[in-house]
Structures are given as structure tokens and as C-alpha cells.
Undergrad: 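I am attaching a structure below and will ask some questions about it afterwards.
It should be emphasised that the depicted structure is a prediction, and the values quoted were computed from it without experimental measurement.
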Amino acid sequence: MSASQAPQMRAVSQDTAGGPDVLKVITTDRPVPGPTEILVRVHAAGVNPTDWKTRAEGAFMTGRGAPLTLGFDVSGVVEEVGLGVTLFEPGDKVFGMPRFPHPASAYAEYVTAPARHFAHLPEGLDHVQGAALPLAALTAWQALVDTARLQPGERVLIHAAAGGVGHLAVQIAKARGAYVIGTARQAKHDVLRELGADEVIDYTQQDFAETVRDVDVVLDTIAGAYGARSLRTLRSGGRLVSILPLDDTFPADEAREARIRAGFMMVEPDRAGLQAVAGLVAGGQLRVLVDTVVPLEDAGKAHTLGETGRTTGKIVLSVAP
């Protein structure tokens, strides 16, 4: 089949770094799944901070450069399977965070990626909710379970607890039997208590570093000065996990002297993690909050909203009917 006869699809693309206005809808060739890959018809795509940061900074993570289609969170239906795929068949509902940190190009009507970067969509979850889960939930799971090894009865402090990662981390920590303290603006306290937070601190009125003590784990979703300030809340032998790189001002020597293990982790595609998240959803222990849903062609508006930092939960692009 010639290029002109190849099946087409809509996608959101950018040719240069810049503001939300650089995002535009284009028509391009539909991808073809290779060996061990699946072709997914995207029903919804999640929007994450890494999306608008990449858009604005031009940090095209693989060096692939422009044009670039953003997006990592995918929920949709398997359209076609590549050679050797046994986990899925056409018609299966799936969700995942394929290829991260390399471009997955989820802001599009179709995506191809390794089959093992996906899992079956949990029963009772629609595609909007499915698209809101993967990156944020995997980040929270890998930070708390795989990295911090959070144990029942431990105390955990979660910064920006009402954000995309934070509100899921609260629930995952509770499911692990932890005592959960979160930081958030006052307006979000009731929601966080509904999700299971035992204590909530309004960081605009209270200094968490002065009031919180003897926690075993800190999940830092903000970085900057938060890492250093959080050391004061941790008991000897505690763990600080940052989902953003610790900067040069972080007092690593101080952390070592206090026997605190501190470091940065980056989320990875993780089928086992997705299945664990799906199990929590199926068991009623995890629900994702969706702040706003916008159509694919309004991706720029979604970025504008996300950059305010005032959303509760996730922003999602609706792609297919």
C-alpha cells in the first residue's frame, strides 16, 4: 500500500517548543504494530505535568525532535495485534503507560506499543477513568511499594496530596495499612479525608516541617526546598522518595547522618504494577478523580488548565466516541 493509501488518523502535534498554542491537530498515517506490539484505538488520553513541561521546554526526551505528539496515558480498545502477541486479542479493553519516557504519542486516535506495557481495563472503569490512572498510579505504586517498601502501620507524608499522583498515593498507602498525612490547600481537605487521609495540613497556613514528626516515608511530588524541609519530619531510618530530581541544594550529608535514605525515582512501564493497580480498583480500594475532560482538539486548553496547578485529580482528553 502506498503512503497516500495508508489509513489515516487525527493526532495533536507540535513543531516547536512554546505555549499551549503550539499544539495543533493534524492528519497523519495510522501506525502499524510490529512484533510483540498491539495497535490500540485510543478512547481517552491522560494529561500529565511531563506533557506540558516537554511542550514548553522542547525537551523532546528521546532526541527525536519535532514534530512531536505528546501523551503517555492510554485507555482504549485493541484493534490489531502484532506477531507473537498472546496477552491480548482484538476487542480487548486496555490501559497503560507505554514507552515512557520515550514518546508514546497518546494524543492521537491510534497508538502502537509493546503489549506488555498494557493491562486489561478493570471491570466497571470507563476509558476516561482508565486514561487518568496509568502514569500517576504507577508513579505512586513504584514510589511507595517498590522503592520505599511501605509497611503496615508506618506513617507516610505525601506532598500535594490532592494532585494527580498524590490522591492516588493516599489511597495506595491506606491500602498498605499506613497512617497517611497529606499537604494540600484547605479547600481540598474534605476530599482527601474521603480518600482516607488521616491528617491533612494546609501548607499555606502551616509549616509541615514544624508540625509533622516521626514519619517513616515522605513522598515528595514537588522537589525544590521541599526535600530538605521534609528531612525534619522523618525519623532515623526513614525514606524520602522524590518523583522529581533532587537539586544541588539537597543536604545529602545531613540525610546520611540521620540514616535517612533519600533519592529520586522515575516511573517505568510496568505490567505487574498496572495489574496491582487494577486489583485495588476492582477491590474498591482505589478510585481516580477526574477534574476535567476536554476533546482531543482542545489539548492546548487542557495544558493551560494543568499549568495552573489548581486541579484536583487528573485532566483527560476524550479521543474516540
Undergrad: Taking the side chain as C-beta and beyond, is there a heavy-atom pair between D220 and V241 under 4.5 Å?
TA: no
Undergrad: With a 4.5 Å limit on heavy-atom distance, are the side chains of L144 and V217 in contact?
TA: yes
Undergrad: Output the rest of the hydrophobic cluster of Y110: all Ile, Leu, Val, Met, Phe, Trp and Tyr residues reachable through side-chain heavy-atom contacts under 4.5 Å, sorted by chain and number.
TA: M9, L39
Undergrad: Under the side chain to side chain contact (heavy atoms under 4.5 Å, CB included) criterion, do V277 and L133 qualify, and how do the steps go?
TA: CA-CA 9 Å; V277 166; L133 267 176; 4.2 Å; yes
Undergrad: Nearest 0.5 angstrom please: L296 CG to D298 CG, how far?
TA: 9.0 Å
Undergrad: Under a 3.5 Å cutoff, is there a donor and acceptor pairing between the side chains of N48 and T50?
TA: no
Undergrad: R30: which residues meet the side-chain hydrogen bond (donor to acceptor under 3.5 Å, both in side chains) condition with it, sequence neighbours left out?
TA: none
Undergrad: Work out which heavy atom in V47 is nearest to a heavy atom in K314; give both atom names and the distance.
TA: O-CE, 3.5 Å
Undergrad: Please report the interatomic distance CG(L289) to CG(L195), rounded to the nearest 0.5 Å.
TA: 5.5 Å
Undergrad: For residues V42 and E109, determine if any side-chain heavy atom of one lies less than 4.5 Å from a side-chain heavy atom of the other.
TA: no
Undergrad: Could you walk me through whether R41 and E80 pass the salt bridge (charged side-chain N to carboxylate O under 4.0 Å, His left out) check?
TA: CA-CA 9 Å; R41 185 184 185 196; E80 185 181 339; over 6 Å; no
Undergrad: For the atom pair CD1 (I38) and CZ (R116), what is the distance rounded to the nearest 0.5 Å?
TA: 11.5 Å
Undergrad: Check for a donor-acceptor pair, side chain of Q14 on one end and backbone N or O of T16 on the other, with a separation under 3.5 Å.
TA: yes
Undergrad: Not counting sequence neighbours, list each pair that qualifies as a ring-ring contact (aromatic ring centres under 6.0 Å, His included) and has a residue in residues 278-301.
TA: none
Undergrad: State whether R235 and D216 are salt-bridged, where the test is any N-O pair (Lys NZ or Arg NE/NH1/NH2 against Asp/Glu carboxylate O) under 4.0 Å.
TA: yes
Undergrad: Mind checking side-chain hydrogen bond (donor to acceptor under 3.5 Å, both in side chains) for R229 and listing every partner two or more places apart, or none if nothing turns up?
TA: D207
Undergrad: Applying salt bridge (Lys or Arg N to Asp or Glu O under 4.0 Å), can you list everything that pairs with D214, at least two apart in sequence or on another chain?
TA: none
Undergrad: Just by distance, no angles: are the side chains of R271 and H117 close enough, under 3.5 Å, to form a donor-acceptor pair?
TA: no
Undergrad: For the CG atom of L240 and the CG atom of L219, what is their distance to the nearest 0.5 Å?
TA: 8.5 Å
Undergrad: Heavy-atom distance under 4.5 Å between the side chains of L83 and T36, does that happen here?
TA: no
Undergrad: Would the distance check show the side chain of Q142 and the main-chain N or O of A140 forming a donor-acceptor pair, the cut-off being under 3.5 Å?
TA: no
Undergrad: Hey, are S230 and H159 close enough side-chain-wise for a donor-acceptor pair under 3.5 Å?
TA: yes
Undergrad: Under the salt bridge (charged side-chain N to carboxylate O under 4.0 Å, His left out) rule, what do E154 and R239 come out as? Steps first, then yes or no, please.
TA: CA-CA 11 Å; E154 289 192 317; R239 293 91 77 197; 2.8 Å; yes
Undergrad: Under the 3.5 angstrom rule, does the side chain of R261 hit a backbone N or O of G238 as a donor-acceptor pair?
TA: no
Undergrad: If I compare all heavy atoms of R185 with all of T204, which pair ends up nearest, and what's the gap?
TA: NH1-CG2, 3.9 Å
Undergrad: For T69, which residues count as a side chain to side chain contact (heavy atoms under 4.5 Å, CB included) partner, sequence neighbours excluded?
TA: A11, S13, S105, Y107
Undergrad: Tabulate below the donor-acceptor pairs under 3.5 Å that side-chain atoms of residues 168-182 make, not counting sequence neighbours, or state none.
TA:
{"residue": "Q171", "atom": "OE1", "partner": "R287", "partner atom": "N", "Å": "2.8"}
{"residue": "Q171", "atom": "NE2", "partner": "H167", "partner atom": "O", "Å": "3.0"}
{"residue": "Q171", "atom": "NE2", "partner": "R287", "partner atom": "O", "Å": "2.8"}
{"residue": "K174", "atom": "NZ", "partner": "A178", "partner atom": "O", "Å": "3.4"}
{"residue": "K174", "atom": "NZ", "partner": "D198", "partner atom": "OD1", "Å": "3.3"}
{"residue": "K174", "atom": "NZ", "partner": "D198", "partner atom": "OD2", "Å": "3.0"}
{"residue": "Y179", "atom": "OH", "partner": "E199", "partner atom": "OE2", "Å": "2.6"}

Undergrad: Output yes when a side-chain donor or acceptor of D126 lies under 3.5 Å from a complementary backbone atom of Q129, and no otherwise.
TA: yes
Undergrad: Please check this pair: side chain of T183 against backbone of A160, looking for a donor-acceptor N/O pair closer than 3.5 Å.
TA: yes
Undergrad: Is it possible for you to say whether V200 and L157 belong to one hydrophobic cluster, with membership spreading through side-chain heavy-atom contacts below 4.5 Å?
TA: no
Undergrad: Which atom names give the shortest non-hydrogen contact between G224 and D247, and what distance separates them?
TA: CA-OD2, 3.8 Å
Undergrad: Any heavy-atom pair between the side chains of D15 and V22 that's under 4.5 Å?
TA: no
Undergrad: Applying side chain to side chain contact (heavy atoms under 4.5 Å, CB included), can you list everything that pairs with T308, at least two apart in sequence or on another chain?
TA: L305, R310
Undergrad: Taking only residues two or more places apart in sequence or in another chain, which ones pass side-chain hydrogen bond (donor to acceptor under 3.5 Å, both in side chains) with S236?
TA: R259
Undergrad: Kindly say whether the aromatic ring centers of F88 and H120 come within a distance under 6.0 Å.
TA: yes
Undergrad: Would you mind listing the cluster partners of V128? Hydrophobic ones only (ILVMFWY), side-chain contacts under 4.5 Å, chaining allowed.
TA: V290, V293, V316
Undergrad: Check whether D51 reaches the backbone of L70 with its side chain - one donor and one acceptor, N or O, closer than 3.5 Å.
TA: no
Undergrad: Which distance, rounded to the nearest 0.5 Å, do you find between the OG1 of T221 and the CG of L244?
TA: 7.5 Å
Undergrad: Do E37 side-chain atoms and G34 backbone N/O form a donor-acceptor pair below 3.5 Å?
TA: yes
Undergrad: Please report the shortest heavy-atom distance between A262 and L246, naming the atom on each side.
TA: C-CD1, 4.5 Å
Undergrad: Any chance you could lay out the side chain to side chain contact (heavy atoms under 4.5 Å, CB included) test for L121 and S75, step after step, and finish with the verdict?
TA: CA-CA 8 Å; L121 189 68; S75 185; 3.7 Å; yes
Undergrad: Under 3.5 Å, side-chain donor or acceptor atoms of residues 279-286 against the rest of the protein: list the pairs with distances, not counting sequence neighbours.
TA:
none

Undergrad: Assign the ring pair F72 / F100 to parallel, tilted or perpendicular, where the plane angle (0 to 90°) is split at 30° and 60°.
TA: perpendicular
Undergrad: How would you list, by chain and number, every residue that makes a side chain to side chain contact (heavy atoms under 4.5 Å, CB included) with V32, sequence neighbours excluded?
TA: none
Undergrad: Are V218 and V267 co-members of a hydrophobic cluster defined by side-chain heavy atoms under 4.5 Å apart?
TA: no
Undergrad: Rounded at 0.5 Å granularity, tell me how far CD1 in I260 sits from CG in L234.
TA: 4.5 Å
Undergrad: Side chains of F264 and I243: does their closest heavy-atom pair fall under 4.5 Å?
TA: no
Undergrad: Compare every heavy atom of A299 with every heavy atom of L317, then report the nearest pair and how far apart it is.
TA: CD2-CA, 3.9 Å
Undergrad: How close do A106 and V74 get, heavy atom to heavy atom, and via which atoms?
TA: CB-CG2, 3.6 Å
Undergrad: Keeping Q186 on the side-chain end and D202 on the backbone end, is there a donor-acceptor pair under 3.5 Å?
TA: no
Undergrad: Check whether E79 reaches the backbone of V77 with its side chain - one donor and one acceptor, N or O, closer than 3.5 Å.
TA: no
Undergrad: Can you confirm whether T311 sits close enough to I315 that some side-chain heavy atom of one is under 4.5 Å from a side-chain heavy atom of the other?
TA: yes
